[in-house]
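Inspection log for the structure reproduced underneath, given as structure tokens.
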Number of protein chains: 2
Amino acid sequence: MSLRHGLLGLLAEGPASGYDLTRRFAELLGQVWPARHPQIYAELGRLAEAGLIEVDSHGPRQRKAYRITGAGLAEVRRWLTDDEVDHTLRMEPLLRSVFFWLMEPADLAAHLERERQYYSGTAAAMRTYAGAKDRGEFGTSEQTRSLRIAAEAGIRLFEALAEWASWAERYAAEHLTEHHSETGHHSEHPPALPEGRPGSGSA
Amino acid sequence: MSLRHGLLGLLAEGPASGYDLTRRFAELLGQVWPARHPQIYAELGRLAEAGLIEVDSHGPRQRKAYRITGAGLAEVRRWLTDDEVDHTLRMEPLLRSVFFWLMEPADLAAHLERERQYYSGTAAAMRTYAGAKDRGEFGTSEQTRSLRIAAEAGIRLFEALAEWASWAERYAAEHLTEHHSETGHHSEHPPALPEGRPGSGSA
DNA sequence: CAACAACATGTACAGATTGACATGTCTAGT
DNA sequence: ACTAGACATGTCAATCTGTACATGTTGTTG
């Protein structure tokens, strides 16, 4: 339930309304943690009930801004330093990649090329943004620095995916060009990936 | 709702029971699409009702294996080629990074170091696995080739994250060492990241 | 043969998330 | 004065997801 902490984190920057937070989530956090307005309004209600935030002001058009409380600020900080990081990833494009062998070679090539373009375009947009930050266009506050770190992750992630798509195009052209039969009953399924939990084993 | 298609994709390799599929999801797809057994059994029921899969055999301890039908195979393929890719990412570690400015420098440094180790450990495990595949230890079927592509994505992704964590440690040491005040009301919140939808704009 | 681990399937419930619907306000342009 | 668009908040139903609970079977080991 990281929406709770995402909202608290944003409110730590200053008071904001549900509407503000919805747009901020869509623009800033949409790539890493999607959230729609019904969920945000509901969570704000719970947060207020728990005393982690409180109503800061009422504006025009029944605008209701919230402000983080001391307890709320303590809670985000507790989350950041004490709560274990959840490394669960949910990424449809990679799920699809496991089933590439079911696709016609031409369809797969087209798919990978579209993916490559999407990822490199996204990476480029983030690089542009990070460049503006580095030139100091958004000031030098701690929040801005922090956002710069997040942007760097996005750049590296999407660049890596773009290069992967490019690599996969070449790999598929070399290794997956044969036409396939109707069902894949020809062999036992191959062994699984290793579980990859480095913290709790060999390290 | 990609669980549906993930199950169909696995069943395209050959018949399997809910138990098999649960373990296969945990081992193979857990990193990119988590799913627990209650969800898998429920979805298998729906899939069978829709005629996309059917009972293949009954084994010992009320084991019930399913087999994909022609309609099911057509449906996975339709998904792979026609359905738009959902690029939504959900990644708690990156959500946290937006709020690094709220952490004490020492805690942040420790956090980033743990993250770096986690990512590089995971990447290393995947690299080992991919190496075994490349030496032909798992055969040369199309499924194996496909899984090799997925593994490559994992390697590149986790390597990129490990390098990011390392970069962030250095960046934070240079730019985020000042101690922060109790609340961050000192400035307006910085502007958001660009939306980064390359397909529908400049591209 | 008792006990345990692994196999195997399922239900029930709580919480997270989304899409559709509903409502009302303020500003700018015509 | 009207109207369109952005502002602003919310409800509701449906679906997805995860945790805990419940049940019974088979093979292995002492």
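Proteins get letters first, then strands, A, B, ... in listed order; numbering begins at 1 in each.
Rounded to whole angstrom, the span from the CD1 atom of B:Ile40 across to the P atom of C:dA8 amounts to 14 Å. In this structure, A:Leu44 atom CG and D:dG10 atom P are separated by 9 Å, rounded to whole Å. Between the CD atom of B:Glu92 and the P atom of D:dG18 there is a distance of 14 Å, rounded to whole Å. Note: CZ (A:Arg24) to P (D:dC7) measures 16 Å, nearest angstrom.
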Considering only nitrogen or oxygen atoms on both sides, find all protein atoms under 3.5 Å from nucleotides 10-17 of chain C and state each distance.
| from | atom 1 | to | atom 2 | distance (Å) |
| --- | --- | --- | --- | --- |
| C:dG10 | OP1 | B:Lys64 | NZ | 3.2 |
| C:dG10 | N7 | B:His37 | NE2 | 3.3 |
| C:dG10 | O6 | B:His37 | NE2 | 2.7 |
| C:dT17 | OP1 | B:Arg90 | NH1 | 3.2 |
| C:dT17 | OP2 | A:Gln39 | NE2 | 2.7 |
| C:dT17 | O5' | A:Gln39 | NE2 | 3.3 |

Per-pair distances, 0.1 Å, donor-acceptor, side chain in residues 87-95 of chain A, under 3.5 Å, sequence neighbours excluded:
| from | atom 1 | to | atom 2 | distance (Å) |
| --- | --- | --- | --- | --- |
| A:His87 | NE2 | B:Glu115 | OE1 | 3.3 |
| A:His87 | NE2 | B:Glu115 | OE2 | 2.8 |
| A:Thr88 | OG1 | A:Asp86 | OD1 | 2.5 |
| A:Glu92 | OE1 | A:Arg96 | NE | 2.6 |
| A:Glu92 | OE1 | A:Arg96 | NH2 | 3.4 |
| A:Glu92 | OE1 | B:Asp86 | N | 3.4 |
| A:Glu92 | OE2 | B:Ser2 | OG | 3.3 |

Acceptor/donor pairs from residues 161-168 of chain A side chains to any protein atom, 3.5 angstrom cut, sequence neighbours excluded:
| from | atom 1 | to | atom 2 | distance (Å) |
| --- | --- | --- | --- | --- |
| A:Trp164 | NE1 | B:Ile149 | O | 2.9 |
| A:Ser166 | OG | A:Arg170 | NH1 | 3.4 |

Which side-chain N or O atoms in residues 47-54 of chain B pair as donor and acceptor under 3.5 Å with protein atoms at least two apart or in another chain?
none

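Taking A:Trp33 as the reference, nothing meets the ring-ring contact (aromatic ring centres under 6.0 Å, His included) condition, with sequence neighbours excluded. The side-chain contact (heavy atoms from CB on, under 4.5 Å) search around A:His5 returns A:Leu8, A:Glu75, A:Arg78, A:Trp79, not counting sequence neighbours. Looking at residues two or more places apart in sequence or on another chain, you find no side chain to side chain donor-acceptor pair (under 3.5 Å) involving B:Asp107.
The residue A:Ser17 sits close only to the backbone: its heavy atoms come under 4.0 Å of sugar-phosphate atoms, none of a base.
Between B:Tyr19 and the phosphate of C:dC7, there is a side-chain N or O to OP1/OP2 separation shorter than 4.0 Å.
Using a 4.0 Å cutoff on non-hydrogen atoms, the parts of residues 54-63 of chain B near DNA chain C are B:Arg61, B:Gln62, B:Arg63, ordered by number.
Counting only residues at least two apart or in different chains, salt bridge (Lys or Arg N to Asp or Glu O under 4.0 Å) contacts with residues 33-45 of chain A comprise A:Arg4-A:Glu43, A:Glu43-A:Arg46.
Applying side chain to side chain contact (heavy atoms under 4.5 Å, CB included) to B:Tyr129 and the options B:Ile155, B:Leu147, B:Asp134 leaves one that passes, B:Leu147.
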